[in-house]
Structures are given as structure tokens and as C-alpha cells.
Amino acid sequence: MTPAERDRFDALLQEEIDALPPAIRALLDESPVIVEDHPDPKLLTELGMEPDDILCGLHTGVPITERSVEHPDMETIHLFREGILDMAGGWDEDIDEDGHPFGGEELIREEIRITLLHEIGHHFGLDEEDLERLGYG
């Protein structure tokens with residue numbers, strides 16, 4: 001990924017963060033968002049994933065619903081640029097063989113929003129089934 005692509009992606013991410021309701025934005029002060037091009041191969045192995053599997057985001061830490069005096073409240077949201085770009089179809093807009101559009105800034109923006117809200121959902125204790133039901137799976 002080029003520095004210009006990183007800047008472009010990060011600008012879209014910042015716009016999506018700015019568009020969140022104030023209470024949700026404030027949550028990101030507690031759960032910092034770390035943005036990387038791709039996950040470390042060791043992390044993928046720890047998650048039981050293959051090197052070519054797509055990972056868009058990851059929430060680490062203890063969800064707010066499970067916190068106690070024994071569990072520190074430090075948690076982190078990781079977003080992975082390449083996974084999000086892959087899920088959205090890349091920077092260039094096109095149409096697949098079934099006539100469905102893919103790629104382009106709007107689909108990337110949507111995938112950033114979905115991934116960010118998915119990981120914020122984990123902060124509130126939602127599991128994968130809950131998030132899928134809400135459209136953030």
C-alpha cells in the first residue's frame with residue numbers, strides 16, 4: 001500500500017469517525033483505534049486464520065459487559081486497511097460478472113463504517129451472531 005493510499009484511507013476513516021454520534025465518538029477515547037495495513041501473520045495464526053484470510057478489524061480487551069475489578073478496562077480496536085479494501089473491492093469502481101458493483105470510495109467508506117461499528121459492538125459485549133443480526137457481520 002502506498003503512502004498516498006494510506007492517507008486516502010485514513011481520511012475516509014476520520015470522516016466516518018467524525019460522523020458517529022458524539023457518545024460513540026467519546027467511546028473511542030477509551031478504546032483507541034489502531035490502523036495498520038494488515039494483521040501480523042502471528043496474529044492470524046493465533047486467531048486460527050490462514051495467511052490469505054481477510055481480516056478487517058479486531059477488538060481486543062474485555063467488553064464492558066464483562067468488566068470487573070479483576071479485569072482492566074484497556075481495550076483496543078484494530079482496523080486493517082488491506083482487509084477492508086479487499087472486502088470493498090479496492091479503490092477502482094467496477095461491476096462483477098453478475099452485474100453487482102464493487103470497489104470505489106463509497107463502498108470502502110461503507111466497509112470502514114461496518115467494520116468500525118462491528119468492533120465497537122464487541123466493546124458493548126455483542127457477539128458475532130448479534131452483530132450479524134444487526135447487519136454488521
Side-chain angles (χ1 to χ4, degrees):
M1 177 168 289
T2 69
E5 289 173 320
R6 274 187 205 97
D7 290 346
R8 187 175 176 191
F9 182 97
D10 293 351
L12 292 175
L13 172 59
Q14 189 59 56
E15 289 173 14
E16 289 304 310
I17 289 172
D18 292 344
L20 292 171
I24 300 297
R25 269 196 327 267
L27 165 72
L28 297 180
D29 292 335
E30 295 176 32
S31 302
V33 177
I34 297 173
V35 184
E36 300 174 291
D37 286 349
H38 50 79
D40 184 272
K42 182 180 174 187
L43 175 63
L44 289 176
T45 300
E46 290 172 6
L47 295 172
M49 298 177 73
E50 298 296 321
D52 56 348
D53 286 345
I54 296 174
L55 183 62
C56 296
L58 180 67
H59 171 269
T60 58
V62 179
I64 198 168
T65 56
E66 297 175 19
R67 288 186 189 163
S68 71
V69 285
E70 297 156 5
H71 292 105
D73 62 355
M74 181 58 186
E75 47 188 316
T76 305
I77 293 172
H78 299 266
L79 297 181
F80 302 108
R81 293 180 189 98
E82 291 177 1
I84 290 172
L85 287 171
D86 284 347
M87 288 297 290
W91 289 110
D92 298 323
E93 291 182 42
D94 207 344
I95 296 178
D96 68 16
E97 50 200 40
D98 295 326
H100 299 102
F102 67 91
E105 259 189 34
E106 285 311 307
L107 290 178
I108 293 168
R109 179 186 307 278
E110 180 179 338
E111 192 60 43
I112 289 170
R113 184 179 326 107
I114 288 170
T115 303
L116 186 59
L117 292 174
H118 180 105
E119 302 311 332
I120 290 171
H122 285 310
H123 166 80
F124 287 108
L126 298 176
D127 63 20
E128 295 299 324
E129 286 182 14
D130 297 327
L131 292 163
E132 185 71 37
R133 200 171 37 257
L134 293 169
Y136 299 108

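Keep in mind it's a predicted model, so treat the numbers as computed, not measured. Excluded from the calculations below are hydrogen atoms, water molecules and symmetry mates; all remaining heavy atoms, backbone and side chain alike, are included.
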### Query
Given the rule in the side-chain contact (heavy atoms from CB on, under 4.5 Å) test, do I84 and I114 qualify, once you have shown the distances and angles that lead to the verdict?
CA-CA 10 Å; I84 290 172; I114 288 170; over 6 Å; no
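Going from atom CD of E119 over to atom CG of L79 covers 7.0 Å, rounded to the nearest 0.5 Å. Note that the CD atom of E15 and the CG atom of D10 stand 11.5 Å from one another [nearest 0.5 Å].
A continuous path of hydrophobic side-chain contacts links I120 to L12 [ILVMFWY only; heavy atoms under 4.5 Å]. Linking ILVMFWY residues whenever their side-chain heavy atoms come closer than 4.5 Å, directly or via other members, leaves V35 and L43 in distinct clusters. Taken together through direct or relayed side-chain contacts under 4.5 Å among Ile, Leu, Val, Met, Phe, Trp and Tyr, F80 and L13 form parts of separate hydrophobic clusters. There is no path of hydrophobic side-chain contacts, each under 4.5 Å, that joins L28 to I34.
Residues satisfying the side-chain contact (heavy atoms from CB on, under 4.5 Å) test with D92, not counting sequence neighbours, are none. Annotation: side-chain contact (heavy atoms from CB on, under 4.5 Å) contacts of L44 (sequence neighbours excluded): P39, M49, L55. Take E110 and apply the side-chain hydrogen bond (donor to acceptor under 3.5 Å, both in side chains) test, not counting sequence neighbours, and it matches no residue. Considering only residues two or more places apart in sequence or on other chains, E16 meets the salt bridge (Lys or Arg N to Asp or Glu O under 4.0 Å) condition with R109, R113. Taking E5 as the reference, nothing meets the salt bridge (Lys or Arg N to Asp or Glu O under 4.0 Å) condition, with sequence neighbours excluded. For R6, the side-chain contact (heavy atoms from CB on, under 4.5 Å) test picks out M1, P3, D37, R81, with sequence neighbours left out. In terms of the side-chain hydrogen bond (donor to acceptor under 3.5 Å, both in side chains) criterion, residue partners of Q14 (sequence neighbours excluded) are, by chain and number, D18. For R8, the side-chain hydrogen bond (donor to acceptor under 3.5 Å, both in side chains) partners are E105, not counting sequence neighbours.
When all heavy atoms of I77 and H59 are compared, the closest pair comes out as CG1-CD2, 4.4 Å. Closest approach of W91 to F9, counting heavy atoms only: CH2-N, 3.7 Å.
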Identify every side-chain donor-acceptor pair in residues 97-104 under 3.5 Å, counting partners at least two apart or on other chains, and give the distances.
none

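Other cluster members for I54: M87, joined by side-chain heavy-atom distances under 4.5 Å among Ile, Leu, Val, Met, Phe, Trp and Tyr.
You'll find the side chain of E111 stays beyond 4.5 Å of the side chain of L107, heavy atoms only.
Applying the salt bridge (charged side-chain N to carboxylate O under 4.0 Å, His left out) rule to pairs touching residues 46-55 yields nothing, sequence neighbours excluded.
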